[in-house]
Amino acid sequence: MKPYSQKVDQKWQARWDAAGLFRTRMGADDKKIYLLEMFSYPSASKLHLGHWWNYSLPDSWGRMKHMQGYDVFHPMGFDAFGLPAENFAIRSGIHPKDSTEANITTMEQQLRGIGCTYDWDTELTTCSPEYYKWTQWLFLQLYKHGLAYRKEAPVNWCDSCKTVLANEQASGGICERCGNEVLRKSMTQWFFKITDYAQELLDGLPALDWPEKTKRIQENWIGRSAGAEVTFDVVDKDLKITVFTSRVDTLMGLSYMVLAPESAYTQAVITPEYADACAAYIQESARKSEIERTGTADEKTGVFTGSYAVHPLTGQQVPIWLADYVIATYGTGAVMAVPAHDERDWLFANKYDLPILEVIADKAGERQPLPYCEHGTLVNSGKYDGLTTAEAKKALVADLAQLGRGNEKINYRLRDWSVSRQRYWGAPIPILYCPDCGAVPVPERDLPVELPYDVEFRPNGQSPLASHAGFRACTCPQCGKPAQREVDTMDTFVCSSWYYLRYPDAHNAAAPWDAEKAKHFMPVDKYVGGVEHAAMHLLYARFIYKALRDMGFAFGDEPFQSLVHQGVILGSDGFKMSKTRGNTVAPDDYVQKYGSDVFRLYLAFGFSYVDGGPWKDEGLLAIARFFAKFQTVVETFIEEGNETAPAQEDKELEYVRHNTIKSVTADIERFQFNTAVARLMELVTAIGKTQRSGHSQAYLRGVIEDFVRLVSPFAPHCADEMWEALGHSDFVYQQAWPVFDEKKLQLDTIELAVQVNGKLRDVVQVPATASQDEIKAAAQALPKIAESLAGKSIKKAIVVPGRLVNFVVG
RNA sequence: GCGGUUGUGGUGGAAUUGGCAGACACGCUGGUCUUAGGAGCCAGUACUUCGGUAUGCGGGUUCGAGUCCCGCCAACCGCACCA
C-alpha cells in the first residue's frame with residue numbers, strides 16, 4: 001500500500017475512467033438520484049477554493065447514495081456565454097471563443113483532479129452550437145405560445161457594459177456585473193412573460209425542500225400585493241385613468257392623483273399651458289439614475305399637468321400631477337394620493353400645498369396624528385363612516401364595481417424578464433425582421449442561427465452583430481424578400497434556465513432532450529449552489545420549467561426538489577478571500593502537497609457546509625495527521641496477518657462501529673459533513689485501541705473494511721488504495737454502504753444524569769432494563785443525592801428514559 | 001422602513017422532538033516512548049472565592065431552556081418611494 005499522495009489520486013482516477021465507473025445506467029431504474037451542482041463559468045484563473053467547496057462535498061453525498069444502491073446521475077458542464085469572456089476579449093484582443101475553449105480544457109483537467117463522480121459523457125457547454133441551437137428553439141417555443149414578446153419599455157442600461165440588464169441583474173440600481181450605476185433608457189427589447197407565472201411561482205414555494213431564506217427572497221421578489229383598481233375620468237378629455245391601490249378604504253380622502261413621468265397616461269393629460277414645465281420635468285427625471293431617484297426618498301418633486309380627474313363616487317375634481325416617486329412599471333404607473341394616510345403623499349402634499357383630508361381614525365375611533373398609515377375606522381367618509389378598514393375595502397369595491405369603476409386586483413412587483421443583450425458573446429435571438437412581414441421567427445429547421453466568429457466585439461453602443469453584414473442579411477422565410485436578423489443576443493440566464501434538462505441526453509442532435517430520459521431523471525433531487533442566485537437563476541429556471549410543462553413538455557411542476565446553498569470559505573483573517581487582500585487559498589498548492597483527499601476531508605471537517613467560515617492551515621495539518629493514523633491502522637492490520645483465529649467481537653468497538661455507521665449515514669444525508677468526520681475519527685481511535693490490546697484479526701477485518709467504506713465518500717482515492725491493499729480487486733464505490741445494527745447500540749448498563757430541582761448533582765449507572773422505580777431508588781441511594789434530598793420532601797420525580805432523572809423538592 | 005439570518009471556550013465548530021452545554025478537532029500544559037521529532041501513545045484544558053456561575057443583553061413559560069415566547073443590542077443578507 002502506497003502512502004497517500006497525489007500519485008494515488010492519479011492512479012485511481014485513471015482506473016475509474018478506464019472502468020467507466022461513473023457512467024449512469026440511464027435505465028428505467030426507479031431508484032435514481034439526480035445530483036447537480038450549479039455549473040461553472042469557464043474562468044481564466046484556476047479552480048478556486050469555492051469550486052472545491054461547491055463540488056467535492058455534494059460529491060461525497062452522491063457517493064454514499066450510490067453505495068446505498070441508487071443510480072446516481074451527476075453531470076458537469078460550463079455556463080460558457082457571458083460578459084466576462086467578452087470583456088476579457090476587449091482588453092486582451094483574444095477572441096471569447098478561443099479563451100473560453102482554452103479555459104474549459106484547463107478546468108476539465110482540474111475538475112477531474114478533484115476525483116468527483118461526474119459522468120463526463122454528458123458534459124455540456126452552453127456556447128456550443130449543439131447546445132444553443134436548443135436555447136434558440138426554446139425561445140421560439142416561448143414566442144409561439146405568446147410568452148416571448150417585444151416591446152418598447154424603460155429598461156436598465158449599464159453604460160459600462162453597454163447593455164440592457166434584467167431587473168434581477170440591476171438590483172438597487174447597480175449593475176450586477178460591474179457595479180456601475182444603472183441608467184433608465186427606453187428601448188425596444190425582447191421579454192419573457194414570467195409575470196404570467198407570478199402566482200404559481202409563489203404557490204409552489206411552500207412544498208419545496210429549500211432553505212426558508214431562499215423562499216423568502218423569491219416571495220419578496222415576486223411581491224404579491226392584494227388591493228383594488230379604481231378608474232377615474234379626466235375632465236374635458238376622452239380618457240380614463242386606472243390606478244392600483246392597496247388602501248381603497250381611503251378613497252374618500254383622495255386629494256390629487258399622481259402619474260409616473262414615463263407612464264402611458266402622461267402625454268395625454270398634459271395641457272398646452274403646462275407642456276413646457278412637464279417636458280422639462282420628464283427630461284429631468286429621465287436623466288436621473290436609479291440611485292438619485294431613490295436615494296432622496298424624503299425629497300419629493302413633481303409638476304402639475306393642468307388636468308383634473310373626477311372622483312368616481314363624489315364627482316369631486318382633483319388635480320393630476322407628475323412625480324417620479326411613482327414608478328412607471330409597477331401597477332398602472334398611476335396612483336391616487338391620500339396624504340392623510342400615506343407618508344409619501346403627506347410629504348408631497350405639504351410641499352406643494354395640496355389639500356389633506358383625514359378619513360381614518362384608529363380602531364377605537366380616536367383621531368390620530370397625521371399621517372396615520374395603520375388600519376382603523378373610517379371617518380369623514382359619508383355612508384362609510386364607522387366601518388373598519390377591512391369592511392370599507394369590501395364596501396367600496398362593491399360600490400365601484402356597480403358603477404363599472406373598480407374591482408379587486410392582485411398586483412405583483414415581479415416584472416417581465418428582459419432577455420435582449422446588446423453584446424456579442426451570447427446565443428443569437430432567432431428572429432428576423434422583414435419589411436413586409438415584420439418580426440418573423442427563424443424556422444426551426446434553420447436552427448441554429450450560428451454566432452459568427454469574425455466580429456468586431458469592441459463596444460460602440462450598438463450590438464456587435466449589427467456591424468456584421470454577412471450575419472445580418474437574410475431572407476424572409478415567409479415572403480422571400482431580403483430581411484435583417486435580430487442582432488441582440490440572449491441573456492445568459494436563458495441558457496442556464498434549462499440546462500438541467502439537457503444533461504441526460506446532452507449530445508442529442510435531433511431534440512433538446514430525450515423525453516423518456518428527462519421524465520425519468522427529473523426533478524433534480526439535490527441542487528447545490530450559491531444563494532446569490534435566489535432571485536435570478538433559481539426563479540428563471542422555475543419559470544421556464546413551468547412554461548415548458550404548459551407548452552406540452554410535461555416533466556413536472558418544479559425542477560429542483562431539494563436545494564442546498566453552500567456557505568462561503570473566508571480567508572484566515574476572517575475576511576472574504578480576495579486578491580487585493582492577499583488572503584486567497586490556492587487549492588492546487590495544497591493538493592500537490594497533500595493530495596485531493598486530504599483537502600476534501602479538511603473541507604468536510606473544518607466548517608459547517610451551509611455556513612462556511614475562515615480557512616485555517618492548522619486544520620489541514622490535523623487532517624493530514626488523521627490520514628497517517630488510519631493508514632497506519634490498516635497497514636498494521638495487513639502486516640500482522642493471521643486472520644484464521646475465530647472472529648471474536650469487541651463489545652465496545654462494536655458499539656462505536658455501529659454508532660459511527662448510524663451517525664455518518666445520517667450526517668452525510670443532511671449535509672452535516674463535519675460531524676460525520678468527527679465520528680470517523682472516533683472510530684479510528686477505537687479501532688487503534690482494540691488493535692493495540694489483545695484482538696481478533698478476523699474480527700478486525702470487518703471493522704476496518706466498514707471504516708474504509710464509510711470514509712470513501714470523503715477520501716475516495718485513499719479508500720480504494722486501502723481497499724486494494726486489503727486484497728480486493730474491485731472499487732469501494734461498488735460496495736454496499738454499511739447498515740448499522742440496532743442491537744449493537746444497546747448497552748447492558750446505561751448512565752443517567754441525576755438532577756435535583758433541575759440542577760445536575762450526579763450520574764447513576766443502572767441496568768438498561770431498570771424500571772422507573774428502580775432508577776429512582778438507585779438515584780436516591782447515591783450519597784450526593786441523599787445529601788441534597790436530606791430533610792426535604794420529594795414533590796415529584798421525573799424520569800426521562802435514557803436521559804435523566806430529576807427530583808423536584810420543596 | 002419592511003422581511004430574514006446569525007450571536008456558544010483562546011480558535012474552528014458540536015448539541016434530531018426542550019433533557020448531562022462545549023462532541024470532534026486546533027492550540028496550550030504535563031507525562032510516556034525516542035539519538036531526534038512539526039511523529040505516536042496517555043492525561044488535563046469554559047470560569048470559579050469550590051458554594052456556585054456560564055450559550056449577545058433583559059424578562060417570561062417549564063420539573064428542566066443554547067433550543068420555546070416577549071423586549072432590546074450587534075453583525076450580516078434580501079427588498080426598498082411597490083401606493
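Side chains are part of it too, since the values below use all heavy atoms of this structure and drop only hydrogens, waters and symmetry mates. Naming convention: chains lettered A, B, ... in sequence-line order (proteins, then strands); numbering from 1 in each chain.
The line from CG of A/D611 to CD1 of A/I569 is 10.5 Å long, rounded to the nearest 0.5 Å.
Counting heavy atoms from C-beta outward, A/H565 and A/W210 have side chains that stay 4.5 Å or more apart.
Residues satisfying the side chain to side chain contact (heavy atoms under 4.5 Å, CB included) criterion with A/K629, sequence neighbours excluded, are A/V684, A/T685.
Note: A/Y609 and A/W53 have tilted aromatic rings, judged against thresholds of 30 and 60 degrees for the angle between ring planes. Between A/Y602 and A/W615, the angle of the ring planes goes over 60°, which puts this pair in the perpendicular group of the 30/60° scheme. Using the six-membered ring where Trp is involved, A/F627 and A/F630 have ring planes that are tilted, between 30° and 60° apart. In this structure, A/Y256 and A/W321 have perpendicular ring planes: the angle between them is above 60°, well past the 30° mark. Between A/Y352 and A/F348, the ring-plane angle classifies as tilted under the 30° and 60° cut-offs. Relative ring orientation between A/F626 and A/F707 is described as perpendicular, the plane-to-plane angle rising above 60° on a 0-90° scale split at 30° and 60°.
Residue contacts shown for A/I217 are limited to sugar-phosphate atoms, with no base heavy atom under 4.0 Å away. Counting non-hydrogen atoms under 4.0 angstrom, A/G619 reaches nothing in the nucleic acid. Within 4.0 Å of A/V338, counting heavy atoms only, lies no atom of the nucleic acid at all. Residue contacts shown for A/G612 are limited to sugar-phosphate atoms, with no base heavy atom under 4.0 Å away. Among the protein residues, A/E343 comes within range of no part of the nucleic acid, since none of its heavy atoms lies under 4.0 Å from any strand. Among the protein residues, A/G223 comes within range of no part of the nucleic acid, since none of its heavy atoms lies under 4.0 Å from any strand. When heavy atoms are screened at a 4.0 angstrom cut-off, A/R415 is found touching base atoms of the nucleic acid.
B/G64 is unpaired under the Watson-Crick or G-U wobble criterion, no partner having all donor-acceptor distances under 3.5 Å. For B/U35, there is no paired base (Watson-Crick or G-U wobble, both distances below 3.5 Å). When both distances must be under 3.5 Å, the Watson-Crick or G-U wobble mate of B/A54 does not exist. Within the shown strands, B/A25 is the pairing partner of B/U11 under the Watson-Crick or G-U definition, both distances less than 3.5 Å. Remark: B/A74 base-pairs with B/U6. Criterion, Watson-Crick or G-U wobble with two distances under 3.5 Å. Both distances falling under 3.5 Å, in either a Watson-Crick or a G-U wobble arrangement, place B/G1 opposite B/C79.
The side chain of A/D324 sits closest to B/C81 out of B/A14, B/C81, B/C20. Comparing B/C79, B/C20, B/A83 against the side chain of A/D342 picks out B/A83 as the nearest. Across B/U11, B/C81, B/A14, the shortest atom-to-atom separation from the side chain of A/Y325 is found for B/C81. Candidate nucleotides B/G19, B/C24, B/C79 were compared by shortest atom distance to the side chain of A/V800, and B/G19 ranks first. The nucleotide whose nearest atom lies closest to any side-chain atom of A/V326 is, among B/C20, B/A83, B/G13, B/A83. Distances were taken from every side-chain heavy atom of A/E618 (C-beta onward) to each of B/A83, B/C26, B/A23; the shortest belongs to B/C26. Closest to the side chain of A/W221, out of B/A25, B/C79, B/A83, is B/C79.
For the pair A/L538 CG and B/G78 C1', the computed distance is 14 Å after rounding to whole Å. Taking atom NZ on A/K784 and atom P on B/G51, their separation rounds to 11 Å, with Å as the unit. As rounded to whole Å, 12 Å separates atom C1' of B/A83 from atom CZ of A/F232. With rounding to whole Å, A/M336 atom CE is found 12 Å from B/A83 atom P. As a whole-Å value, the separation of A/K759 NZ from B/G51 C1' is 12 Å. Rounding to whole angstrom units, CG of residue A/D573 and P of B/G12 are separated by 13 Å. One interatomic measurement links the two molecules: CG of A/L347 to C1' of B/G1, which rounds to 13 Å at whole-angstrom precision. Atoms CZ (A/F607) and P (B/U11) sit 16 Å apart, rounded to a whole Å.
Applying the 90° cutoff around 0 to the glycosidic angle, B/G9 is assigned syn.
Along RNA chain B, the nucleotide nearest to A/A666 and the one nearest to A/F605 differ in position, and the one closer to the 5' end is contacted by A/A666. Of the residues near RNA chain B, A/G613 and A/L804, the one whose nearest nucleotide (by heavy atom distance) lies more toward the 5' end is A/G613.
Of the possible donor and acceptor atoms, one in the side chain of A/Y281 sits under 3.5 Å from a partner among the backbone N and O of A/T301.
Between the P atoms of B/U16 and B/U67, the separation comes to 13 Å (whole Å). Atom name C1', nucleotides B/G71 and B/C24: the rounded distance is 37 Å, in whole Å.
When the side-chain nitrogen and oxygen atoms of A/S225 are compared with OP1 and OP2 of B/A83, one or more of them lie within a distance under 4.0 Å. In this model, the phosphate group of B/U17 is not approached by any side-chain N or O of A/R803 to a distance below 4.0 Å at OP1 or OP2. A/Q672 has a side-chain polar atom (N or O) that falls below the 4.0 Å cut-off from OP1 or OP2 of B/A15. Between A/N674 and B/A14 there is a side-chain N or O to OP1 or OP2 distance below 4.0 Å.
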Sugar-phosphate atoms are those with a prime plus P, OP1 and OP2; base atoms are the rest. Using that split, label each nucleotide of nucleotides 36-50 of chain B B, S or - for protein heavy atoms under 4.0 Å, 5' to 3'. --BSSSS--------
When every nucleotide of nucleotides 63-70 of chain B is labelled 5' to 3' by its protein contacts under 4.0 Å (heavy atoms), B for base, S for sugar-phosphate only, - for none, what sequence of letters results? B-------
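Residues A/P312 and A/L400 approach most closely at CG-CD2, 3.8 Å, considering heavy atoms.
Taking the charged nitrogens against the carboxylate oxygens, A/K784 and A/E787 have no contact shorter than 4.0 Å, which rules out a salt bridge.
By the 6.0 Å and 45° rule, A/K300 stacks over the aromatic ring of A/Y325.
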